[in-house]
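Report on one structure; see the data block that follows.
If you're wondering where the values come from, they're calculated on a predicted model, not measured in any experiment. Throughout, a chain's letter reflects where its sequence line sits, starting with A, and its residues are numbered from 1.
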Amino acid sequence: MPELPEVEFAARSLRRWLADRTVQEVVAPASRIFRGTDRKALVRDLRGRRLEWIERRGKYLLIAWDRGVGLLSHLGMTGKWLRLPEHQDEATHVRAELILAEGGSVAYDDQRLFGRLTLHPAEELLDLPEIRALGPDPLIDGIDPGLLAEKFKKTSRSVKVALMDQRVLAGLGNIQTTEALFLARIHPEREARSLSPEEVERLVRAIEDTLQKTLDDIDGDLIAYVEEAGSHNPFQIYRRQGEACPRCGTTLEAMVLGGRTTVFCPRCQSL
DNA sequence: ACGGATGTTCGCGC
DNA sequence: CGCGCGAACATCCG
């Protein structure tokens, strides 16, 4: 599920689901998502808590409760937060369930266990090393083309790999970088430092556009799970190698960059 | 049966 | 130190 738009949606959902509610009990069997944290302390400390605030930074969720209890949540590859009205059977991979005193529960579901849920003092959440290491968040901080260009100048990597680096910009993954480069008509394999100021400007606008478009699609319920991409793929070129470019009709191609399949139009995004 | 999938991290070799 | 690559993590789907 998770790149910036999906995580933002999770943050908004959790704020609604947890507002003015009390966590009555926590059910959290041992699993990898608790790595590095004391699971039993997490269960104990969360009991009786009420939400204070939730923030998203890149693909991370910071969840602060009363009495200074803090949770750091990362959705990994297949993590999602769910509202379970009563009992659940469709949520087959629930790893942590926060049962609410007011009824129902809020649950973290993660099939592949690449996600993470760890306990921290609430006031330290924003100062955690993994959060401090993040670059600017496109939604919270905005994207400064000058700053981005400066970062590009310092590396010999391709623009696609640089954009997926969370220290450059926080929140972009394989889908959003693929889409943004297509919108900006920039070949993913271009050296980041070779981009002209005009191209960086175009790229910044493309990133903002694709993030907003995906957020709108999620709000419009157009995206449930992108695993269904074959049938409901809402993206312009992601996973569409072999199909016709929506702009010029040329057959879309794919290559591997930074270990991820990258789709591009060889004509619109020439080297 | 095989290959690939929205992410992060680590080790290796250059 | 920077960078690319492959592996690992665990499971499902086409």
Side-chain angles (χ1 to χ4, degrees), chain A residues 1-10 29-37 56-61 72-81 90-95 108-118 128-135 138 151-182 188-194 207 210-211 213-215 217-218 222-243 254-263:
Chain A
M1 209 179 159
E3 289 184 33
L4 187 154
E6 292 86 349
V7 181
E8 175 64 22
F9 183 71
S31 82
R32 270 176 42 81
I33 66 162
F34 302 110
R35 81 193 88 115
T37 216
R56 180 193 55 75
R57 281 289 186 287
K59 300 172 192 169
Y60 285 93
L61 286 173
L72 181 67
S73 164
H74 193 290
L75 305 182
M77 242 0 185
T78 51
K80 46 189 169 282
W81 282 96
E90 79 277 12
T92 45
H93 305 284
V94 170
R95 311 298 182 176
Y108 178 67
D109 181 292
D110 190 343
Q111 173 194 114
R112 289 171 71 186
L113 296 174
F114 292 177
R116 172 180 162 186
L117 193 61
T118 50
L128 291 170
E130 44 276 78
I131 302 302
R132 301 198 69 127
L134 297 173
K151 286 191 178 166
F152 282 171
K153 289 295 179 208
K154 292 177 188 160
T155 183
S156 61
R157 298 133 100 203
S158 69
V159 61
K160 169 75 158 34
V161 171
L163 284 177
M164 284 198 296
D165 184 339
Q166 302 301 296
R167 296 170 299 185
V168 173
L169 285 176
L172 305 182
N174 197 29
I175 295 181
Q176 297 299 324
T177 51
T178 295
E179 294 288 296
L181 287 165
F182 172 72
E189 218 177 6
R190 283 278 301 283
E191 273 199 8
R193 61 186 170 199
S194 77
I207 292 167
T210 184
L211 289 175
K213 164 81 160 51
T214 305
L215 271 170
D217 285 351
I218 295 173
L222 290 180
I223 298 177
Y225 299 96
V226 182
E227 295 102 77
E228 300 166 16
S231 44
H232 302 108
N233 185 345
F235 300 107
Q236 297 239 60
I237 66 164
Y238 172 72
R239 278 201 187 180
R240 293 193 187 279
Q241 56 267 50
E243 298 182 23
M255 66 189 303
V256 174
L257 279 181
R260 329 291 307 193
T261 300
T262 303
V263 182

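- Side chain of Leu113(A), nearest nucleotide from dA10(C), dT8(B), dG4(C): dA10(C).
- With a 3.5 Å ceiling on both atom-pair distances, the Watson-Crick or G-U wobble partner of dG3(B) is dC13(C).
- An OP1 or OP2 oxygen of dC3(C) is reached within less than 4.0 angstrom by a side-chain nitrogen or oxygen of Ser156(A).
- Stacking annotation: Phe114(A) is not stacked on the base of dA10(C) (requires ring centroids less than 5.5 angstrom apart and an interplanar angle below 30 degrees).
- Ile33(A) places its CD1 atom 14 Å from the C1' atom of dA10(C), with the value rounded to the nearest Å.
- Listed nucleotides: dT9(B), dC12(C), dG7(B). Nearest to the side chain of Tyr60(A): dT9(B).
- Phosphate proximity of dC12(C) to Thr78(A): absent, as no side-chain N or O sits under 4.0 Å from OP1 or OP2.
- Atom P of nucleotide dA10(C) and atom CG of Asp109(A) are separated by 16 Å, given to the nearest angstrom.
- Among the nucleotides dT8(B), dA10(C), dC3(C), the one closest to the side chain of Arg32(A) is dA10(C).
- Annotation: the span from Arg95(A) atom CZ to Tyr108(A) atom OH amounts to 9.0 Å, rounded to 0.5 Å.
- Atom CD of Glu189(A) and atom C1' of dG4(C) are 12 Å apart (whole Å).
- With rounding to whole Å, Met255(A) atom CE is found 13 Å from dG4(C) atom C1'.
- Between the side chains of Gln176(A) and Thr214(A), at least one donor N or O lies within less than 3.5 Å of an accepting N or O.
- Nearest to the side-chain atoms of Arg157(A) among the listed nucleotides dC3(C), dA10(C), dT8(B) stands dC3(C).
- Of the candidate nucleotides dT11(C), dA10(C), dT8(B), dT11(C) has the atom nearest to the side chain of His93(A).
- At whole-Å resolution of the value, CE in Met164(A) and P in dT9(B) are 14 Å apart.
- Between Lys154(A) and dG2(C) there is no side-chain N or O to OP1 or OP2 distance below 4.0 Å.
- One N or O donor and one acceptor, one from the side chain of Arg260(A) and one from the base of dG7(B), sit under 3.5 Å apart.
- Asn174(A) pairs in a side chain to side chain donor-acceptor pair (under 3.5 Å) with only one of the listed residues (Arg260(A), Lys160(A), Glu3(A), Glu179(A)), which is Lys160(A).
- Side-chain proximity of Arg239(A) to dC9(C), dT11(C), dA5(B): nearest is dA5(B).
- Arg112(A) comes within contact range of at least one nucleobase, with a heavy-atom separation under 4.0 Å.
- Between dC9(C), dC3(C), dA5(B), one nucleotide has an atom nearer to the side chain of Thr261(A) than all others, and that is dA5(B).
- Checking dT8(B), dT11(C), dC3(C) against the side-chain heavy atoms of His74(A) singles out dT8(B) as nearest.
- Pair assignment for dC1(C): none, as no Watson-Crick or G-U wobble contacts are both less than 3.5 Å.
- Lys59(A) contributes atom NZ, which lies 9.5 Å from atom CD of Glu6(A) (distance to the nearest 0.5 angstrom).
- Lys151(A) places a side-chain N or O within donor-acceptor distance of the main-chain N or O of Arg167(A), the cut-off being under 3.5 Å.
- Regarding Gln241(A), its CD atom lies at a distance of 12 Å from the C1' atom of dA5(B), rounded to whole Å.
- Across the C1' atoms, dC9(C) and dA1(B) are found 22 Å apart, a figure rounded to whole Å.
- Separating the CG atom of Asp165(A) from the C1' atom of dG7(B) is a distance of 13 Å, rounded to the nearest angstrom.
- To the nearest angstrom, P of dA5(B) lies 8 Å from CG of Asn174(A).
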Can you check salt bridge (Lys or Arg N to Asp or Glu O under 4.0 Å) on Glu189(A) and Arg157(A), steps first, answer last?
CA-CA 8 Å; Glu189(A) 218 177 6; Arg157(A) 298 133 100 203; over 6 Å; no
